[in-house]
2 protein chains.
Amino acid sequence: MRPLVHPAIEDVPLEAILHALGDPTRVAIYAGILASEKPQSCNAFAHLNEQPIPKSTLSEHFKVLREAGLIRSERSGVEMKNSSRCGELETRFPGLVTAILNAHKKQLEEQVRVEQAARRKSKRG
Amino acid sequence: MRPLVHPAIEDVPLEAILHALGDPTRVAIYAGILASEKPQSCNAFAHLNEQPIPKSTLSEHFKVLREAGLIRSERSGVEMKNSSRCGELETRFPGLVTAILNAHKKQLEEQVRVEQAARRKSKRG
DNA sequence: TCAGTTGTTCGAATCTCCCGAACTACAGGA
DNA sequence: TCCTGTAGTTCGGGAGATTCGAACAACTGA
């Protein structure tokens, strides 16, 4: 097993960040890590909106987030502690992470509204 | 030739925007369109930092930007007028485009500094 | 009508992404 | 110490996306 790679925050290109968060699963994971106070294990995201994510895929997603400078991962016994590097990123690209997460949150709320409307419609027949 | 497709801004997923701008060529094009007052033709970006971009690739990039709701394209005679939809996007995802473009600008300035330092170094031998 | 310009489409090579199978690494018993 | 279970990684192949040259379409002006 190779050691975990964490780039220096100055070496992270903007494109890597946008590419990493330009995937629905990865924004969701990143938002989840940011939302919780304690570091999260990879396995905490094994299910995302009721869909299971294969372990190998999950591992790959965390690697992308890590190498884009978005998260820091530390092995701790059998599992991994993933925490966000949003503080460092904020100094490098001010406002970027916040804007993306606000957008993500807004989109989630929209989806919930749409689904509720669909349920009401199907209930009426 | 198919007609140009422009999604309604409410139908554009965040992921499409991040994916579109998560490519060095495309952010550069988008930044160029935003920076200029008048709509720009595709051909205006046929060279990007002294590198030629093949026409077919360029056409593909504009298609991605267009279908991510980032730009509006109108045929005008033999060429195309591309303008940004940043106003609409601002109402949907406030602060997003601004944050990304600020980050892009900062990164550009960094690159210029690094290149200047390299030139000074090679001049000294 | 013809030449020149701008951009699109097609197809093939290449690259990337996803996921199952097999693996490593560690913890807590028995 | 060995065994079992859990967390995460690596590998390889198939599916899908990207890139780009060649051929094409659409328009302008001579």
Side-chain angles (χ1 to χ4, degrees), chain A residues 1-6 13 15-30 32-33 36 38-49 51-68 70-83, chain B residues 1-6 13 15-30 32-33 36 38-49 51-68 70-83:
Chain A
M1 259 190 211
R2 330 195 156 132
L4 299 172
V5 175
H6 292 95
E15 291 79 31
I17 297 172
L18 299 182
H19 171 251
L21 297 181
D23 175 284
T25 308
R26 285 195 294 258
V27 234
I29 291 173
Y30 186 61
I33 290 175
S36 74
K38 293 175 191 169
Q40 295 286 297
S41 71
C42 301
N43 207 37
F45 301 94
H47 292 260
L48 226 51
N49 39 297
Q51 298 284 323
I53 305 174
K55 283 178 10 155
S56 52
T57 307
L58 206 55
S59 179
E60 200 56 41
H61 282 326
F62 273 92
K63 190 181 167 196
V64 172
L65 289 171
R66 194 160 52 235
E67 297 185 354
L70 286 160
I71 62 170
R72 186 174 298 283
S73 310
E74 284 178 280
R75 283 192 231 282
S76 162
V78 76
E79 61 180 23
M80 201 123 112
K81 291 185 182 304
N82 297 287
S83 49
Chain B
M1 256 191 213
R2 339 200 147 123
L4 299 172
V5 175
H6 291 96
E15 291 77 33
I17 297 172
L18 299 183
H19 171 253
L21 297 180
D23 175 285
T25 308
R26 284 193 297 258
V27 232
I29 291 173
Y30 184 61
I33 290 174
S36 74
K38 293 175 191 169
Q40 296 287 296
S41 73
C42 300
N43 207 36
F45 301 93
H47 292 261
L48 226 50
N49 40 297
Q51 297 284 323
I53 305 175
K55 280 171 21 149
S56 50
T57 306
L58 206 55
S59 179
E60 198 58 40
H61 282 323
F62 274 92
K63 190 181 167 196
V64 172
L65 290 171
R66 193 161 52 236
E67 297 186 352
L70 286 160
I71 62 171
R72 185 174 300 281
S73 310
E74 285 178 280
R75 282 191 232 281
S76 162
V78 77
E79 60 181 23
M80 200 122 113
K81 292 186 181 302
N82 297 287
S83 50

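Heavy atoms only: backbone and side chains are in, while hydrogens, waters and symmetry mates are out. Here is the naming used below: chain letters follow the sequence lines, and residue numbers restart at 1 for every chain. Values in this document were obtained by computation on a predicted structure and should not be read as measured data.
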Quick one: [X] [atom1] to [N] [atom2], roughly how many Å, whole number?
| X | N | atom1 | atom2 | value |
| --- | --- | --- | --- | --- |
| Gln40(B) | dT6(C) | CD | P | 13 Å |
| Lys81(B) | dC27(D) | NZ | P | 15 Å |
| Gln51(B) | dC20(D) | CD | C1' | 15 Å |
| Leu58(B) | dC20(D) | CG | P | 11 Å |

- Criterion side chain to side chain contact (heavy atoms under 4.5 Å, CB included) against Met80(B), the qualifying member of Pro39(B), Ser41(B), Cys42(B):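 Passing option: Cys42(B).
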Which nucleotide sits closest to the side chain of [X]: [options]?
| X | options | result |
| --- | --- | --- |
| Ser56(B) | dC18(C), dG7(C), dA22(D) | dA22(D) |
| Met80(A) | dC19(C), dT9(D), dC18(C) | dT9(D) |
| Glu79(B) | dT19(D), dG7(C), dG8(D) | dG7(C) |
| Met1(A) | dT24(C), dA22(D), dA26(D) | dT24(C) |
| Lys55(B) | dT8(C), dA7(D), dG21(D) | dT8(C) |
| Asn43(A) | dG8(D), dC20(D), dG7(C) | dG8(D) |
| Leu4(B) | dG20(C), dA25(C), dT8(C) | dT8(C) |
| Glu60(B) | dT19(D), dA26(D), dC19(C) | dT19(D) |

Any side-chain N or O of [X] under 4.0 Å from OP1/OP2 of [N]?
| X | N | value |
| --- | --- | --- |
| Thr57(B) | dC20(D) | yes |
| Ser59(A) | dT9(D) | yes |
| His19(A) | dT18(D) | no |
| Arg2(B) | dC10(C) | yes |

Of the non-hydrogen atoms in [X] and [Y], which two are nearest, and what is the gap between them?
| X | Y | result |
| --- | --- | --- |
| Arg75(A) | Arg2(A) | NH2-O, 3.2 Å |
| Arg66(A) | Val5(A) | CG-O, 3.4 Å |
| His6(B) | Ile71(B) | CD2-O, 3.7 Å |

- Item | Under 3.5 Å donor-acceptor, Asn82(A) side chain and Gln40(A) backbone |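 Yes.
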